[in-house]
Structures are given as C-alpha cells and as structure tokens.
Amino acid sequence: MKPILSQSEKLTSNLSKSFVSNVFSLMFSALIISGLAAVWFATDMMKSFIIDPISQGLTTFGWIATLSPIGLVLLMGVRFQKLNAKTLLGIFLIYSTLTGISLSTIFTIYTTSSISSTFFISAITFGVMAAMGYTTKTDLTKMGSFLYMALIGIVIASVINWFMQSSMMHYLISIIGVLIFTGLTAYDVQKIKNIGSQVEQGSESAQKLMIMGALTLYLDFINLFLMLLRLLGNRD
C-alpha cells in the first residue's frame, strides 16, 4: 500500500518538485547557451578568435575564455550572500557562455561524431543518476563528502600530470573522474531536492539557491562529459 501523506507533506513535496524543476530548467538553458557558443566558435569564421592560426595556441581571448569561468564560479561562491538573484543569474549566464566558447576547442581535437555520441552517453548517464538521486530514500551525505574529497584528489593529480604528461595517469584520472561526477550527480540532486523542501518558494534566497543548484548540476554534467570524452573520443 502507498503511504498516506498529510496535506503539509503533500505541499512540501510539491514545493520541492517545483524547486527541482526550476533548477533543471535553468541548468538546461545554460547548457544550450554553452552548446550554441561552442558550435559557433568552432566554425572557420570564429575559430581564429580562440586559436591562433599560426602558432595553433590559444589567443589572448582564448585564454580569457578558458580561465575566467574559474574566477566567475569563485565569485558566485564567495559573494553568494552579498549578490542579489539577478546579478547572480547574470554571472551564471556569462559563465555558461564563456565555458561554451572555451569548449569550442574540443572540435579541433576530437571528431564531431565522437563528440555527439559522447554527449548522448553523458546525457543518459546524467539522467539515470539524477533520477536515482531524486527517488532514493538512502541518505547520500556520506557518499557526497567522500566524492568531494576524491574530487580534490584528482584536481591535484591533474595539476601534477600537467607537468608530467603521463598518458597512464591521464587515463586513470579520466576513469576516476567519471565515477566521481556520476556519483556527485545523484548526491547533488538529492541535496537540491532537500533544499527545495525547506526554502520559501519565490523568495530572494530561494532564487539564489536555485541558481547555485543549477550551477552545481551544470558543472557535474560538463565535467562528466569531458571525462568521458577523454576516454571515448576519437581524435582528428
């Protein structure tokens, strides 16, 4: 038999669903912006703005597009309490645009067909784990804490490997990265669901938390996609 929910429990459930739905809508909107920016800057007309045609290295604008998203994420996290929802949203949209521009470089490394197939695989994996995180009754807090510690570990390993240029370490980092971001997707969706049941819908605080939730899921998806692309992508 299905458990009988009280009116307050039904209201809380509906509010949580609404909050999660808004988070996903914003995340998907950001992904569309990033995708359009990536495809546009991968065209012959725009590619030279990112990659110098002579040296084949990044241009000044290419470096800005690559590095500035890190600063924008830090800004959103550090100034979360001070920034209003509209400013936070504006920063997020700028961030997704710049991230898309920087991602245009993958079209010079991997074939278009492998990028498309990897994106499809990433979307399915993300969707399955998101559904699992939303529906599971198991508390994923401990798993999330472990995964974030593991994430710090692969960031450090990636920095070290930037100097070492070890193909084996690159491969291992990619495999572990896929596992981490797969798990984090479920954990983050559960966390967002819990937040949605506690915040006052329509308030400034709820809007800001919605934006940060969308940013979190956006990062989970993009990083999962990039890690899978390293493993599955066919190079030109």
Side-chain angles (χ1 to χ4, degrees), residues 24-59 61-70 93 95-133 151 154-155 157-158 161-162 165-186 188-189 214-236:
F24 272 98
S25 295
L26 183 54
M27 173 224 165
F28 289 140
S29 296
L31 283 175
I32 291 172
I33 291 172
S34 296
L36 292 174
V39 171
W40 187 36
F41 276 85
T43 61
D44 293 335
M45 180 179 68
M46 302 299 296
K47 190 185 302 182
S48 59
F49 285 96
I50 306 298
I51 300 175
D52 188 291
I54 299 175
S55 67
Q56 293 301 305
L58 290 176
T59 62
F61 178 70
W63 279 111
I64 292 173
T66 300
L67 298 177
S68 57
I70 300 173
L93 295 179
Y95 164 81
S96 61
T97 302
L98 290 171
T99 299
I101 293 172
S102 66
L103 286 174
S104 66
T105 57
I106 65 176
F107 288 93
T108 65
I109 302 172
Y110 301 98
T111 62
T112 303
S113 60
S114 67
I115 292 174
S116 300
S117 60
T118 302
F119 184 88
F120 181 70
I121 294 170
S122 301
I124 292 177
T125 304
F126 181 89
V128 169
M129 295 309 297
M132 185 179 297
L151 177 58
I154 67 165
V155 169
S158 296
N161 197 46
W162 190 78
Q165 294 296 308
S166 168
S167 58
M168 178 59 71
M169 183 176 288
H170 176 85
Y171 185 72
L172 289 174
I173 289 172
S174 299
I175 293 176
I176 296 172
V178 168
L179 297 175
I180 289 174
F181 288 108
T182 297
L184 281 177
T185 298
D188 287 330
V189 169
L215 173 64
T216 300
L217 294 183
Y218 175 96
L219 289 170
D220 288 340
F221 182 86
I222 290 294
N223 283 291
L224 174 63
F225 167 67
L226 291 176
M227 292 293 178
L228 283 171
L229 190 60
R230 291 179 182 179
L231 295 172
L232 306 176
N234 296 321
R235 294 177 178 266
D236 275 331

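Not measured: the values here are computed from a predicted model.
Shown here are the side-chain hydrogen bond (donor to acceptor under 3.5 Å, both in side chains) partners of S34, two or more places apart in sequence or in another chain: Y218. Scanning for side-chain hydrogen bond (donor to acceptor under 3.5 Å, both in side chains) contacts around S114 gives T111, with sequence neighbours left out. Y171 pairs by the ring-ring contact (aromatic ring centres under 6.0 Å, His included) definition with nothing, not counting sequence neighbours. Every residue was checked against the salt bridge (charged side-chain N to carboxylate O under 4.0 Å, His left out) condition with D220, not counting sequence neighbours, and none meets it. F41 is linked by a ring-ring contact (aromatic ring centres under 6.0 Å, His included) to nothing, counting only residues two or more places apart in sequence or in another chain.
A heavy-atom distance below 4.5 Å is found between the side chains of L31 and I222. Using a 4.5 Å heavy-atom threshold, the side chains of T125 and T185 count as separate. Contact annotation: the side chain of T118 never approaches that of Y110 to less than 4.5 Å [non-hydrogen atoms, C-beta and beyond]. For the pair L103 and L226, the minimum side-chain heavy-atom distance is below 4.5 Å.
Residue S166 comes nearest to N161 through the heavy atom pair N-OD1, 2.9 Å, listed as atom of the first residue, atom of the second, then distance.
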Under 3.5 Å, which donor-acceptor pairs link side chains of residues 42-53 to any protein atom two or more places apart or in another chain?
from, atom 1, to, atom 2, distance (Å)
T43, OG1, W40, O, 2.6
D52, OD1, I54, N, 2.7
D52, OD1, S55, N, 3.0

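With F225 as the fixed residue, the side-chain contact (heavy atoms from CB on, under 4.5 Å) test singles out one of F181, F119, F126: F119.
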